[in-house]
Amino acid sequence: MRSRSSNHWANVLGDFDDDFYELPCPHCAAEVTIAIGEYGRYTAIRDWDMGDMDRRDLRPSPAEELSGVGRWMYEIAVRDGEGLLAEGISHLFGKAECPSCASVFTIADEYKAANCPILR
Ligand SMILES: [Zn+2]
């Protein structure tokens, strides 16, 4: 059995074919849209009229650098032959660049801090 935090992540995770996450940048507080899906894996500033502006590619974490719940989920996805899911996980637990201030942060860390602070 696993800890409750893995349940949290299981709920957060979709199947990565159409997933978006909204996070405040930890440095400049810009609202950053993170896309992990078939159409791309990137950060952007979402504009109501213009769509996703100023896209930056995500930087997936190499499998051997994953740890904790990220590693656990990645291994399960690989075991189950869920290639897309495994790839989505390595992006979710990888790094993103803020399109506004160009600082780099770990998506999963910021997501946890923004959405579920008690899990820390
Ligand atoms: Zn920023």
Side-chain angles (χ1 to χ4, degrees):
M1 290 299 286
R2 297 283 166 172
S3 69
R4 281 187 170 275
S5 60
S6 359
N7 293 335
H8 169 71
W9 281 110
N11 292 335
V12 164
L13 291 172
D15 48 14
F16 289 119
D17 53 46
D18 193 20
D19 287 5
F20 285 101
Y21 306 86
E22 300 278 345
L23 286 178
C25 168
H27 298 276
C28 72
E31 195 67 24
V32 179
T33 294
I34 295 161
I36 304 179
E38 274 180 15
Y39 42 78
R41 299 183 177 99
Y42 58 84
T43 50
I45 301 295
R46 179 158 287 185
D47 183 278
W48 288 113
D49 298 319
M50 309 288 285
D52 291 344
M53 306 286 293
D54 205 2
R55 297 184 186 194
R56 308 285 167 97
D57 288 340
L58 297 181
R59 305 172 191 184
S61 174
E64 65 271 17
E65 286 179 20
L66 291 170
S67 62
V69 67
R71 172 128 208 159
W72 172 67
M73 291 193 305
Y74 182 87
E75 284 174 355
I76 289 188
V78 169
R79 187 198 66 192
D80 294 347
E82 302 274 2
L84 189 64
L85 186 62
E87 223 175 293
I89 289 164
S90 63
H91 281 77
L92 183 64
F93 286 86
K95 292 194 174 2
E97 183 180 329
C98 172
S100 183
C101 71
S103 66
V104 174
F105 57 90
T106 302
I107 301 168
D109 286 351
E110 294 309 320
Y111 188 91
K112 253 193 311 197
N115 292 276
C116 215
I118 44 170
L119 285 182
R120 301 219 95 176

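Sequence positions, counted from 1, serve as the residue numbers for this chain. Only heavy atoms go into these numbers, but all of them, side chains included; no hydrogens, no water, no symmetry mates. For ligands, and for the atoms within them, numbers begin at 1 and follow the listed sequence.
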* Asked: Would you call R79-E75 a salt bridge at under 4.0 Å N-O?
  -> no
* Asked: Which residue pairs pass the salt bridge (Lys or Arg N to Asp or Glu O under 4.0 Å) test when at least one of the two sits in residues 21-36, sequence neighbours left out?
  -> none
* **Under 2.8 Å from the Zn ion (ligand 1), the protein N, O or S atoms, given as residue and atom** => C25 SG, C28 SG, C98 SG, C101 SG
* Asked: Taking only residues two or more places apart in sequence, or in another chain, which ones meet S61 in a side-chain hydrogen bond (donor to acceptor under 3.5 Å, both in side chains)?
  -> none
* Structure fact -> Using a 4.5 Å side-chain heavy-atom cut-off and chaining through intermediate ILVMFWY residues, the residues clustered with V104 come out as none
* **Salt-bridge criterion met for D57 and R59 (N-O under 4.0 Å)** => no
* Rounded to the nearest 0.5 Å, how far does CD1 of I36 lie from OH of Y21? -> 5.0 Å
